[in-house]
Amino acid sequence: MGRLRRVVDVTAYWLEQGSFSHDDALSIIEHARREILKLCPGKEGVFELVVRPRLLRVLNERALAEWGRMDSLN
């Protein structure tokens, strides 16, 4: 479980801090999915219900923060 948590935490950190296009960020989430399913085979449903929404929320919060900064510059 510790390794699973680290995969999710590191992925969330990358999404928050990295410089990626939206498509690259989605590829990172998919890579995390594959790694998590290696650790926990047969738990696709749990990934889709718990982990993917968390990672997408991080991605959406970052996008809103970036748009907010851009709007304040205009």
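Remember, it's a predicted structure, so these values are computed and weren't measured experimentally.
Note that CZ of Arg52 is 8.5 Å distant from CG of Leu26, once rounded to the nearest 0.5 Å. Atom CG of Leu55 and atom CD1 of Ile28 lie 10.0 Å apart (nearest 0.5 Å). Annotation: the span from Glu35 atom CD to Cys40 atom SG amounts to 11.5 Å, rounded to 0.5 Å. The NZ atom of Lys38 lies 9.0 Å from the CZ atom of Arg3; values are rounded to the nearest 0.5 Å.
Shown here is Arg5, whose CZ atom has no more than 12 heavy atoms of other residues, nucleotides or ligands within 6.0 Å.
The side-chain heavy atoms of Thr11 and Val58, taken from C-beta on, include no pair separated by under 4.5 Å. Within the 4.5 Å cutoff, side-chain heavy atoms of Arg62 are placed close to those of Phe20. Side-chain contact check for Leu15 versus Ile29: some heavy-atom pair is nearer than 4.5 Å.
Leu64 and Leu59 fall into different hydrophobic clusters, where Ile, Leu, Val, Met, Phe, Trp and Tyr residues are linked whenever their side-chain heavy atoms come under 4.5 Å apart, directly or through other members. Put simply, Val50 and Leu37 are part of two different groups of oily side chains (I, L, V, M, F, W, Y) that touch within less than 4.5 Å, one to the next.
Remark: side-chain polar atoms of Arg33 are not paired, donor with acceptor, to backbone N or O of Phe47 under 3.5 angstrom.
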For Leu4 and Val51, run side-chain contact (heavy atoms from CB on, under 4.5 Å): C-alpha distance rounded to whole Å, both residues' side-chain angles, the deciding distance at 0.1 Å, then the answer.
CA-CA 10 Å; Leu4 172 72; Val51 178; 5.7 Å; no

